[in-house]
Amino acid sequence: MGTSEMSLTPHVFWAQRHHELYLRVELSDVQNPDITISDNVLNFKAQGHGAKGVNLYEFSLEFFAPVKPKFIQRSTQRQVAITVKKSEKLWWPRLIKQERKPRFLAPDCDRWLDESDAEMELREKEEERITKIRTESRKREDPFLYLKRGYLFMYNLVQFLGFSWIFVNMTVRLFILGQDSFYDTFNSMGDMMYFCQTLALLEIINPLIGLVKTGVAPALIQVLGRNFILFFILGQLDEMQTKAIVFFIFYLWSSIEIFRYPFYMLACLDTEWKLLTWIRYTIWIPLYPLGALAEAASIIQAIPIFNETGRFSLRLPLEFTVSFSVFLVVYLVLLFLGLGINLRHLLKQRRRRLGSRKRKMQ
């Protein structure tokens, strides 16, 4: 294709932030473009392949407000990108001084943000910067930081392996034995669940001694609640250990933990996988209420057994006895109160971690 000496104007797309401007010139195969900023006017001239084929393309733009003469330019096979710093951190109503926009100039939809979104982005970057500074400062101040992280990583790794073992084995048994696997869950998985839930007591201790920043109350409610079901309802009643509800309790618990613990493992390494983060802060929405319903069902099934056996009944003077089932009815109320507290806590966490990302997508 021949080269014409006629000067043409390329398509130019722009966007802004409070501190800088972004220009994208739609020219491909550009080499050594002539770009200058003088008297607040950007002049561009380059040979390249544009809307009118291979030609000499040029344009000039007088900016709306003062800019710094130095700029950053990067050419690729498809376009020329120019970043210009504003002299003052202000939001401009338009790019150029003249009110009438030239035909070749258009907003860059890929980078465009309105002023409120740009301010939000600025705040998030500032928060990230402050968090990074605090983290680096904490690393300098805390000589045991890496030791603590190593301990937390190993704890989460062991829990992940334990619950994964439970989940995988239960899944395999379900496919092989079908519904028959429901009634043998405790005998086959109980020891590993005892181990994992006993180890989970550390999740109460860790925030108490300052190893993690999470609140004590949510961990206390979850760990003690699960251990009450495991050690008192299922562990003390042989009649409960062969019921199908055990399968659903164990399966729901492990389904949550096989995503939660890897998320914490990566956090110990200052690493994040977006998909895992989304799953960790989303999967609890159906699974936590279902888990609470399964735990409540086990308590309801256990009440007649406690009434019949009289186990853990409280004997008072005058030969008056309070059945343990009375405490179980009270615990049922507390179970759902605790569920509400934990769901509220998890919802706040989800909004904090995923909310800003959702706003950007919108």
Side-chain angles (χ1 to χ4, degrees), residues 159 163 166 182-183 185-187 189-208 214-257 260 283-349:
Q159 288 288 63
F163 279 105
I166 294 171
F182 290 178
Y183 308 103
T185 299
F186 193 89
N187 290 331
M189 306 294 158
D191 289 341
M192 182 60 75
M193 188 61 78
Y194 275 138
F195 171 79
C196 291
Q197 284 304 128
T198 301
L199 194 62
L201 292 170
L202 291 173
E203 294 184 27
I204 302 172
I205 299 173
N206 290 340
L208 281 174
T214 54
V216 177
L220 191 71
I221 292 170
Q222 176 171 303
V223 174
L224 294 187
R226 284 186 179 182
N227 283 356
F228 177 78
I229 297 296
L230 179 63
F231 288 95
F232 285 90
I233 303 300
L234 304 180
Q236 295 297 321
L237 297 178
D238 294 339
E239 298 89 338
M240 288 297 300
Q241 294 174 9
T242 56
K243 291 187 179 294
I245 195 63
V246 180
F247 174 89
F248 295 101
I249 292 173
F250 282 16
Y251 207 70
L252 289 167
W253 287 357
S254 59
S255 297
I256 294 170
E257 306 303 14
R260 188 167 71 97
I283 199 170
W284 61 265
I285 296 174
L287 295 188
Y288 263 65
L290 288 174
L293 289 174
E295 293 171 22
S298 70
I299 293 172
I300 292 171
Q301 292 180 8
I303 286 176
I305 302 173
F306 279 110
N307 284 334
E308 183 179 344
T309 61
R311 185 171 296 181
F312 300 137
S313 295
L314 180 62
R315 299 186 182 277
L316 299 176
L318 303 177
E319 298 184 357
F320 185 73
T321 302
V322 179
S323 174
F324 188 65
S325 60
V326 175
F327 296 99
L328 293 181
V329 172
V330 175
Y331 179 79
L332 273 175
V333 178
L334 296 177
L335 171 66
F336 287 102
L337 285 176
L339 175 65
I341 294 172
N342 263 0
L343 291 181
R344 184 180 178 185
H345 169 72
L346 289 168
L347 186 59
K348 286 183 178 179
Q349 282 190 329

Query raised in the report: Any side-chain heavy-atom pair from Met189 and Tyr251 closer than 4.5 angstrom?
Result: no
Query raised in the report: Run the side chain to side chain contact (heavy atoms under 4.5 Å, CB included) check on Phe232 and Phe312 step by step: do they pass?
Result: CA-CA 10 Å; Phe232 285 90; Phe312 300 137; 4.2 Å; yes
Query raised in the report: Atom CH2 of Trp284 and atom CZ of Arg260: how far apart are they, to the nearest 0.5 Å?
Result: 13.5 Å
Query raised in the report: Which heavy atom of Leu339 sits nearest a heavy atom of Ala292, and at what distance?
Result: CD2-CB, 3.7 Å
Query - Value rounded to 0.5 Å, distance of CG in Leu202 from CG in Leu208 - result: 11.5 Å
What side-chain donor-acceptor pairs closer than 3.5 Å can you find for residues 241-249, not counting sequence neighbours?
residue : atom : partner : partner atom : Å
Gln241  : NE2  : Leu234  : O            : 3.0
Gln241  : NE2  : Gly235  : O            : 3.4

Query raised in the report: Shortest non-hydrogen contact from Ala302 to Leu237?
Result: CB-CD1, 3.9 Å
Query raised in the report: Does some side-chain heavy atom of Thr214 sit less than 4.5 Å from a side-chain heavy atom of Glu203?
Result: no
Query raised in the report: In Å and rounded to the nearest 0.5 Å, what is the CZ to CG distance from Phe327 to Leu314?
Result: 5.0 Å
Query raised in the report: If you look at every heavy atom in Ala294 and Leu252, which pair is closest and at what distance?
Result: CB-CD1, 4.2 Å
Requested in this report: Report yes if some heavy atom in the side chain of Val326 is under 4.5 Å from a heavy atom in the side chain of Phe306; otherwise report no.
Outcome: no
Report task. Decide yes or no for Ile303 and Asn307: does some side-chain heavy atom of the first lie under 4.5 Å from some side-chain heavy atom of the second? Result -> yes
Report summary line: Separation between CG (Leu224) and CG (Leu201), nearest 0.5 Å, reads 7.0 Å
Requested in this report: Report yes or no: do Gln222 and Tyr288 form a side-chain donor-acceptor pair below 3.5 Å?
Outcome: yes
Report task. Indicate the ring-plane relationship of Phe324 and Phe228, choosing parallel, tilted or perpendicular according to the 30° and 60° boundaries. Result -> tilted
Report summary line: Smallest heavy-atom separation, Ser313 atom then Ser323 atom, equals OG-CA, 3.7 Å
Query raised in the report: Should Met192 and Phe250 be marked as a side chain to side chain contact (heavy atoms under 4.5 Å, CB included) after you check the CA-CA gap, both sets of side-chain angles, and the distance that decides it?
Result: CA-CA 11 Å; Met192 182 60 75; Phe250 282 16; over 6 Å; no
**Report entry** From Thr198 atom OG1 to Asn227 atom CG, the distance as rounded to the nearest 0.5 Å
**Finding:** 6.0 Å
Query - Rounded distance (nearest 0.5 Å) linking atom CD1 of Ile166 with atom OG1 of Thr185 - result: 11.0 Å
Query raised in the report: Mind checking whether Ile256 and Phe163 have side chains closer than 4.5 Å, heavy atoms only?
Result: no
Report task. Could you tell me whether the side chain of Tyr194 reaches within less than 4.5 Å of the side chain of Leu230, counting heavy atoms only? Result -> yes
Requested in this report: Check whether any side-chain heavy atom of Gln301 lies under 4.5 Å from a side-chain heavy atom of Met240, and answer yes or no.
Outcome: yes
Query raised in the report: More than 12 heavy atoms of other residues, nucleotides or ligands under 6.0 Å from CD of Glu239: is that the case?
Result: yes
Query raised in the report: Got Ile229 and Ile299 here, is their nearest side-chain heavy-atom distance under 4.5 Å?
Result: yes
